[in-house]
Amino acid sequence: MSEWLTAQETARQIAQGELTAVRALDTYLTRIGNLDRQLAAFLAVDSTGARAAAVEVDRKRKAGEPLGPLAGVPIALKDVLVTKDLETTAASKILEGWKPPYDGTAVGKLRAAGAVIVGKVNCDEFAMGSSTENSAYKKTRNPWDISRVPGGSSGGSSAAVAAGLCSASLGTDTGGSIRQPAAFCGVVGIKPTYGRVSRWGVIAFASSLDQVGPLTRTVGDAALILETICGFDPKDSTSLDQPVPKLTDALTGEVKGLRVGIPAEYFSGAIDDEVRSAVQRAAAALQERGAELIDISLPHTELALPAYYVVAPAEASSNLARYDGIRFGKAAKGARDLLDLYQRSRGEGFGPEVKRRIMLGTYALRSGYYDAYYKKAQQIRALIKRDFDKAWQHVDAILTPTTPTAAFRFGAKSSPVDMYLADIFTLACNLAGLPGISVPCGLTTDGLPIGAQLMGKPLDEATLLRAAHVIEKAVGLGDKRPKAVA
Ligand code: GLN
């Protein structure tokens with residue numbers, strides 16, 4: 001079996017008896033064994049649990065029992081997704097050794113569909129970052145150039161899929177953490193509409209922004225996995241009670257009459273020329289197939305970054321209060337009393353970026369400052385959402401670059417603000433609760449992948465997938481594979 005087989009094709013071959021689930025799993029386990037020492041995408045490989053799941057799929061097939069749509073497909077999970085009896089750390093020392101007693105909803109849906117969970121992949125600590133350099137455990141490398149970052153915070157998810165270490169993965173996206181690493185590693189990543197996928201069993205970063213979504217090698221695989229994990233969940237009070245769309249049917253190859261907005265604010269300023277031209281080629285490809293390109297303006301775009309860096313840390317500071325050394329993970333040794341235990345456990349357990357966010361968030365929420373920061377940021381958020389609402393009167397989707405540059409080198413972003421700027425094009429989508437996808441649209445002259453981002457109306461993932469599928473066929477990476485693993 002080729003490690004580059006799509007998830008859709010893997011599921012089909014297993015269902016038809018042309019391939020066994022055990023064979024598919026072994027293909028990836030062997031590859032992880034050969035390559036992951038260098039790439040460091042995985043925090044934990046669950047060969048025992050994965051084998052048991054694969055054996056069960058093969059048994060069901062032999063017995064003629066019905067198989068789920070992802071039966072036998074090996075999938076890796078970002079380590080912020082809670083997995084029963086399988087260590088879940090959020091790439092933080094404070095959760096080292098924590099084995100959750102349950103599966104999160106999205107994980108449960110994957111298992112119910114027959115997916116084989118291969119293991120947990122690396123990320124920035126508590127999903128805070130854009131390069132996976134903030135992991136407390138290891139630095140994941142970009143398979144296209146191992147001197148560069150895979151993006152973040154879902155960098156293990158993007159690197160593992162790009163390197164063919166699994167069929168697909170799940171990540172989470174609070175301000176770009178699925179789309180940005182997908183762009184850096186030349187894979188597809190989709191952040192659904194806020195509320196589409198349950199956040200139950202997802203370690204919370206910023207609850208009003210977080211969403212789970214797939215990272216895959218094709219748009220078709222993204223559609224298949226997203227339609228499997230989405231749907232109403234009474235366990236998540238922000239879950240949307242909406243029918244589950246059949247997203248795989250959306251990939252018709254047709255974009256005739258589709259109105260695609262090109263927002264001026266995303267094509268000016270500090271953006272790499274090669275990125276700009278690649279995204280313009282993606283736009284031209286849509287136009288050639290009958291889409292209409294419409295110049296639009298999203299005037300509050302430049303306020304997305306400052307608003308996000310008040311809202312996200314504020315919510316994070318509240319969410320992270322639960323890590324006190326008692327309820328989850330490790331307790332510090334040698335504490336004199338309860339307060340000392342809290343202080344030592346949090347002091348030793350959290351890394352520098354997490355502490356920075358807690359301080360920013362606590363500051364913004366202080367009494368007397370609330371109106372000046374959190375409330376103001378929420379007002380800006382409403383303005384950003386209004387920009388999009390106005391745009392939807394004229395367009396069906398919006399096309400932009402996913403990132404201003406291709407993947408950067410380790411250590412290249414020396415200040416936190418420099419790092420925050422890596423997500424400048426992805427943040428607004430989360431603030432407005434909209435769906436967004438990144439699809440590869442070419443390589444730089446250095447051979448690094450470039451991503452095009454499409455943002456859509458609430459609940460309209462289908463249109464994004466349909467347009468991304470056309471871009472993939474016209475200007476995608478085709479059979480080009482990352483150098484480090486070819
Ligand atoms: N890079 C952004 C941050 O650090 C977004 C992270 C994310 O989407 N999880 O907050």
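All ligand and atom numbering here is 1-based and tracks the order in the structure.
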| remark: Under 4.0 Å between heavy atoms, the region of Tyr420 that gets near ligand 1 turns out to be neither
| request: Kindly say whether the aromatic ring centers of Tyr323 and Tyr342 come within a distance under 6.0 Å. | output: no
| task | Could I get the full list of side-chain contact (heavy atoms from CB on, under 4.5 Å) partners for Lys355, not counting sequence neighbours? | result | Phe350
| Does Arg357 approach ligand 1 within less than 4.0 angstrom via side chain, backbone, both or neither, non-hydrogen atoms only? | side chain
| message | Using a 3.5 Å cut-off on N or O atoms only, is Gly129 in polar contact with ligand 1? | response | yes
| request: Kindly confirm or rule out an N or O of Lys78 lying under 3.5 angstrom from an N or O of ligand 1. | output: no
| query | Going by heavy atoms, is Ala312 under 4.0 Å from ligand 1? | reply | no
| query | Looking only at heavy atoms, is any part of Phe126 under 4.0 Å from ligand 1, and if so is it the side chain, the backbone, or both, or is it neither? | reply | neither
| said: If you measure every N or O of Met128 against every N or O of ligand 1, does any of those distances drop under 3.5 Å? | reply: no
| task | Return yes or no for this condition: an N or O of Asp173 is under 3.5 Å from an N or O of ligand 1. | result | no
| query | So is there a nitrogen or oxygen of Leu427 less than 3.5 Å from a nitrogen or oxygen in ligand 1? | reply | no
| note | Heavy atoms of Thr89 and Glu96 approach each other most closely as CG2-CA, 4.3 Å
| said: Using a 6.0 Å distance limit plus a 45 degree cone around the ring axis, check whether Lys375 lies over the aromatic ring of Tyr370. | reply: no
| Looking only at protein heavy atoms, which one is nearest to atom 1 (N) of ligand 1, and how far off is it? | Asp423 OD2, 2.3 Å
| request: Answer with side chain, backbone, both or neither: which part of Ala127 has a heavy atom less than 4.0 angstrom from an atom of ligand 1? | output: both
| query | Is the distance between the ring centroids of Tyr363 and Tyr373 less than 6.0 Å? | reply | yes
| query | Quick check: does any side chain N or O of Asp36 sit under 3.5 Å from a backbone N or O of Phe42, one acting as donor and the other as acceptor? | reply | yes
| query | Does any N or O atom in Thr172 lie less than 3.5 angstrom from one in ligand 1, N or O only? | reply | no
